[in-house]
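Chain naming here is simple, since letters A, B, ... match the order of the sequence lines and numbering starts at 1 in each.
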Amino acid sequence: MNNIHCKFCELKSTAAKELNDCELEVLGENCAEVKFKPGDIIVKQDSFSTNVAYIKNGLVKIHIKGPIKEMIMRIVKAPAYLCLPSTFGDKTNHFSATALENTTVCFIDFDTFKNLIYANGDFAYQIMIDLSRGQLQSFHSCISNAQKHSIGKVADALLFFSEDIYQSSSFVLPVSRQDLGDMTGTTRESVSRILTDFHNEKLIELDGKKVSIKNPELLKQISLKG
DNA sequence: GCATTAACCACAG
DNA sequence: CTGTGGTTAATGC
C-alpha cells in the first residue's frame, strides 16, 4: 500500500496547513484515500466511527434517518472535515454521508488525529473554527426550517446551491426533488410545484435539474420573508 | 365561512 | 424519479 504524501497535497485543510513536515509525514502514514462515485455511501449511520473523514474534493450530503423520514442536514463541499462530531462525540456515526459527485475522501486514523490536536495548538484552533462554523450553520438552518414557509425554504436551497456550492447563477442540481424535499423539510410534491411556480414567475430558468437564477433579488426577498 | 398553505394519495409519463 | 390533480386538515382573516 502506498503512503499518502500529505506534505505535497494541494488540497490540505486550513488546519493541516498548520502542521510541520514531520507531522504531515505521520498524518500521511495513517490515512487512506478512497474515491467515491455519486450515490456511494461514505459513512453509514449507526456504524462505528473509527476514523476522521476529510473530503479532499467532491460534494457530499449528510443525512439522518428520522422517526418518520429521512432528513438531509447539510450538503458539504470539499475541502472539509466530515465526521468530527461523530468521531469525537460518540462511538457510532449519528448520520450517514453519501457522495453526490465524484468525491475523494481521506480517512484518518483517530488516534493520529487526536495526537495532532494535543501536540499542535494552531492545528487544534483551526479545527475549533471549523466546528464552530458548522454549529452556527446548524442554528441558522434550524430556525429557517422551523419558521419559514416551504416557498422560502426552497428559495433558500436554490440560493445555497448558487452562492455557497457553485458560485454561479446557473448550475445543475446534484440532488433529486425528493432530496430537495428532505433538505427543506417539505415534500417532493411541494418542491416540484414551487419550482415550476418560480419558473413561471420568471424567477428562475428550469430544465430538469438545470437551474439558472434570473431574479436573485426577488428570490432573496422570498427567502427572507419565508 | 372562505381563502391559503401544504401534506397525503394516486396515477401517468 | 417527476409532474399534476384531487382531497383534506390546519390556520388566518
Least distance between heavy atoms, A:Leu195 atom then A:Arg177 atom: CD2-NH1, 3.7 Å

Which pairs pass salt bridge (charged side-chain N to carboxylate O under 4.0 Å, His left out) with one or both residues in residues 125-153 of chain A, sequence neighbours excluded? A:Lys148-A:Asp156

Are any of the side-chain nitrogens in A:Glu70 or A:Lys61 under 4.0 Å away from the carboxylate oxygens of its partner? no

Set of side chain to side chain donor-acceptor pair (under 3.5 Å) partners for A:Asp197, sequence neighbours left out: none

Side-chain heavy atoms of A:Ile75 within contact of A:Val175, under 4.5 Å: yes

Just how far, in rounded Å, is C1' of B:dA7 from NZ of A:Lys153? 12 Å

What does nucleotides 6-13 of chain C look like as a protein-contact string, B for base, S for sugar-phosphate only, - for none, at under 4.0 angstrom between heavy atoms? B-------

Distance in angstrom units between A:Asp182 CG and C:dC1 C1', rounded: 13 Å

Is there a side-chain polar atom (N or O) of A:Thr187 under 4.0 Å from OP1 or OP2 of B:dA7? yes

Indicate the atoms forming the closest heavy-atom contact of A:Phe95 with A:Leu82, along with that distance. CZ-O, 3.7 Å

Pick out the pairs of N or O atoms, protein on one side and nucleotides 10-12 of chain B on the other, that lie under 3.5 Å.
none

Distance in Å, A:Thr184 OG1 paired with A:Ile194 CD1, rounded so as to fall on 0.5 Å steps: 7.5 Å

Whole angstrom is fine here: how far is it from CD in A:Gln147 over to P in B:dA6? 15 Å

Partner residues of A:Phe161 under the ring-ring contact (aromatic ring centres under 6.0 Å, His included) criterion, sequence neighbours left out: none

At less than 4.0 Å, is any side-chain N or O atom of A:Ser192 found next to OP1 or OP2 of C:dG3? Yes or no. yes

Do the side chain of A:Ser168 and the main chain of A:Phe171 share a donor and acceptor less than 3.5 angstrom apart? no

Hits for side chain to side chain donor-acceptor pair (under 3.5 Å) against A:Thr196, two or more places apart or cross-chain, chain-then-number order -> none

Taking the six-membered ring for Trp and the full ring for Phe, Tyr or His, determine whether the centres of A:Phe113 and A:Phe107 are under 6.0 Å apart. no

Once rounded to the nearest 0.5 Å, what's the spacing between atom CG of A:Asp179 and atom CG of A:Leu173? 10.0 Å

Within residues 195-209 of chain A: residues closer than 4.0 Å to DNA chain C (heavy atoms): A:Thr196, A:Lys209

Taken to the nearest 0.5 Å, the spacing of A:Asp164 CG from A:Gln137 CD works out to 7.0 Å

Once you build an axis from the first five pairs and another from the last five of the helix from B:dG1-C:dC13 to B:dG13-C:dC1, how far apart in angle are they, to 10 degrees? 10°

A:Thr104: what forms a side-chain contact (heavy atoms from CB on, under 4.5 Å) with it, not counting sequence neighbours? A:Glu33, A:Lys35, A:Lys56, A:Asn57

Residue pairs passing the ring-ring contact (aromatic ring centres under 6.0 Å, His included) test with at least one member in residues 16-61 of chain A, sequence neighbours excluded, are A:Tyr54-A:Tyr81

Per the under-4.0 Å heavy-atom filter, residues of residues 59-67 of chain A near DNA chain C come out as none

Whether A:Ser150 contacts B:dA6 is assessed here as follows: a side-chain N or O lying under 4.0 Å from the phosphate OP1 or OP2. Is that the case? yes

Distance, rounded to the nearest Å, where A:Glu70 contributes CD and C:dC1 contributes P: 12 Å

Under a 4.0 Å heavy-atom cut-off, which of residues 173-181 of chain A touch DNA chain C? A:Ser176, A:Arg177, A:Gln178

Report yes if a side-chain nitrogen or oxygen of A:Ser190 is closer than 4.0 Å to either non-bridging phosphate oxygen (OP1 or OP2) of B:dA6; otherwise report no. no

Please check if any side-chain donor atom of A:Asn120 sits under 3.5 Å from a side-chain acceptor atom of A:Glu18, or the reverse. no

Taking all atoms of both residues into account, what is the closest heavy-atom pair of A:Arg74 and A:Ser138, and its distance? NH2-OG, 2.8 Å

Which atom of A:Thr103 lies closest to which atom of A:Val105, heavy atoms considered: CG2-CG2, 3.8 Å

